Amino acid sequence: VSKRLLVVDDDADMRLTLKLALELAGYAVDVAGNGREALELQRRQPADVLITDIFMPDADGFEAIDAFRKEFPTTKIVVVSGGAQFSKRNYLPDAELIGVEGTLQKPFDVDTLLGLLSRL
Amino acid sequence: MTPTDKLHLGNKHLVDPRLYKLLVDQAKDYALFLLDRDGRIMSWNAGARRLKGYSAEEIVGRHFSTFYTREAVDSGWPQHELKVATAEGRFEDEGWRVRKDGSRFWANVVITALRDEEGRLLGFSKITRDLTDRKLHEEALRQSEERFRLLIEGVVDYAIFMLDTDGVVTSWNAGAERIKGYKRDEIIGKHLSRFFLPEDIDAGKPWEELAAARRDGRAESEGWRVRKNGERFWARAVLSALYDASGHLRGFAKVTQDLTDRRHLRDLEKATKNVNEFIATLAHELRNPLAPIRTALQVMAKAPANDPAQETMRQTIERQSAQLARIVNDMIDISCITRGAIAIEHAPVDVADVARRAAEAAAPLIDGAGHKLHMELPGEPLWVSGDLHRLTQLATNLLNNAARYTPQGGKILLAVRAEGSQARLQVRDNGRGIESELLERIFDMFVQGRPPLMRVAGGLGIGLALSRKLAELHGGSLDARSDGPGKGSEFTLRLPAAKLEERRSGQDAGISFASSGPQRILVVDDNVDAARSLEMLLKSLGHETRVVHDGAEALRAAPEYRPSIVLLDIGMPGLDGYEVARRLRAMEGGESLRIVAVTGWGQDADREKSRGAGFDLHLVKPVEPRELVRVLDERGGASLH
């Protein structure tokens, strides 16, 4: 049985490309533009894995992670972020600290993400 | 008669001459003795014995030059002393004298010529004091001062110099010469202010420093100073007030250190930090479009060749690579502006034209997100002086931002209008809005802060920083307003409206109207039919017209419609044509307006009167189309009066 994924990114192109790439790999994929939308979707149709960006307006990735942890504790979480290496903007280490199941820095290889998902 | 016979104190009380002899004989601190006219020693006292080491028996009868150094004797100094004393009655000197044992002492010598009542020279008295101690003390002081002076003069790492109470240089060391570039002779007597920058002199800084040192005893400063060759250097200086023993201000000592190298190092470190932040921002900006491009390519590689995903992904790559290109171009522009290497053209630009071009450029993003763009543009050109390309870039940036940060299917308003002496271009959306504490910071290049606001600021950072810089390069401003998250944003660009000459040169340059091209014409006639036929004629010639039917209406319409020509009837109820012409001329820009009388009155006197009222031309109804064409093409040309 294929896993159901929920991709959250404020960039429409990022959502679309990821959805297509993951669907090609056999996953069922829903997409949301921010944390709030993601939560609403999840309530209607729970996903096994949440793949979320961090820097988003409205409800950002950390808020989404928080809400998912409370309401859907079994949902696994993967963070993908474009945080730059040299600036304070890199929040992947923070994401690791709060114990998400995986982190990936944009841009990444789809195969890396697929590998990560297969191990969850 | 002996000289002592004459000695007395006061007039009445003669003192026993023996007492005087005792006074002289027993004085130990002064050598007191008599010389005859030739300088031979005639008497000797206790002080003389103590000072010079000779007993009376040894010395009386010998010449007083015995006490002088060999050099002084060889130069005839003792004889010179007697000569002066003879001539002037008295001679005083200080110098080295020799004791019996050959040792020297520093002597103060007073020789007095002794004369009888007839003025005949009897001999000389000589009083000698031993000032060796004082002399040695002075010498020690002098040497100490000399050593100190040499020490200070030799210091090359610090400029150390003295100023008088007014701030005029009185001493100068090697360090001062090295750091400031002036030689001692060039600078002594000059005022301290010449080491300061002109703007600091204007601000009174040198005098402030002197006042502070006078008040507090000491004033420290750090800043740019000027070398003799005009070069600037970064100086740290301490100015100390100098007081004498009685507490009076005698002047100032100034010690200046050249920290230019250190300053450069500091600047370099700061620049390095900025560059690092710039790179970090750039990396962040580039990552976001790069991520979907890479994923899209991978999808394309995996999806079947005829899968509709191929086309979707191609479009994604196109959009995102366009965004990449925009970021790179913005970066290049920012870098150019920072280096001052950007060329801003100053040509007449119609802001409405800018808005139309920007709307076209931003259409892919706006339409792609399903937004509705509403435009409010003025009916006539709104001129500013600037760079059409750069202003379009700026406005496009604002529209693209609105499109990117407004949820699908949003509303974007692009409005242009005149606002006093300014032209205003406004972009408003009903999108995400901006937190109030971020409103100013979104224009910063390197926004740092708490995470949620980073993404917003990071995404906007470069484009908005560039946009504001472009606005400033045009003498304008760019501001953001938002009622908060979710409440939409409003960006307002304000530019100074171009002056009339600039507007005209714009027309001359063919940007709006070529001389034979379309003109904006205001037709004023109370006769509705006459006005309409004139309007039709003008429109058929390709001109833009507005028609009004009385003087008051004409005066209201002119400033807003900004015609280049007014065709004005004279005989109208209410304000007549003459009065309207006079008032139009008095308006801002009215002196360059072309006012043409179109009237049924064709007498010479009528023409005379219309010229007096400020009409450029006088046409008599019915106006021949050919004549009208000629008049319209003759912008500011010869009068037909």
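Model, not experiment: these values are computed from the prediction. Values below: every heavy atom of this structure, side chains too, minus hydrogens, waters and symmetry copies. In what follows, every chain begins at residue 1, and chains take the letters A, B, ... in the order their sequences are listed.
- Top candidate by heavy-atom pairs under 4.5 Å with chain A, chosen from B:Leu290, B:Val299, B:Leu297, is B:Val299.
- For the set B:Pro289, B:Gly368, B:Ala296, the count of heavy-atom pairs under 4.5 angstrom toward chain A peaks at B:Ala296.
- Using a 4.5 Å cut-off between non-hydrogen atoms, the part of residues 13-22 of chain A that approaches chain B consists of A:Asp13, A:Met14, A:Leu16, A:Thr17, A:Leu18, A:Leu20, A:Ala21.
- Qualifying side-chain hydrogen bond (donor to acceptor under 3.5 Å, both in side chains) partners for A:Glu71, counting only residues two or more places apart in sequence or in other chains: A:Arg43.
- The list of side-chain hydrogen bond (donor to acceptor under 3.5 Å, both in side chains) pairs with a residue in residues 357-368 of chain B, not counting sequence neighbours, reads B:Asp353-B:Arg357.
- Residue pairs meeting the side-chain hydrogen bond (donor to acceptor under 3.5 Å, both in side chains) criterion with at least one partner in residues 290-303 of chain B, sequence neighbours excluded, are A:Asp109-B:Arg294, A:Asp109-B:Gln298, A:Asp111-B:Lys302.
- Nearest heavy atoms, B:Ala291 versus A:Pro107: CA-CB, 3.6 Å.
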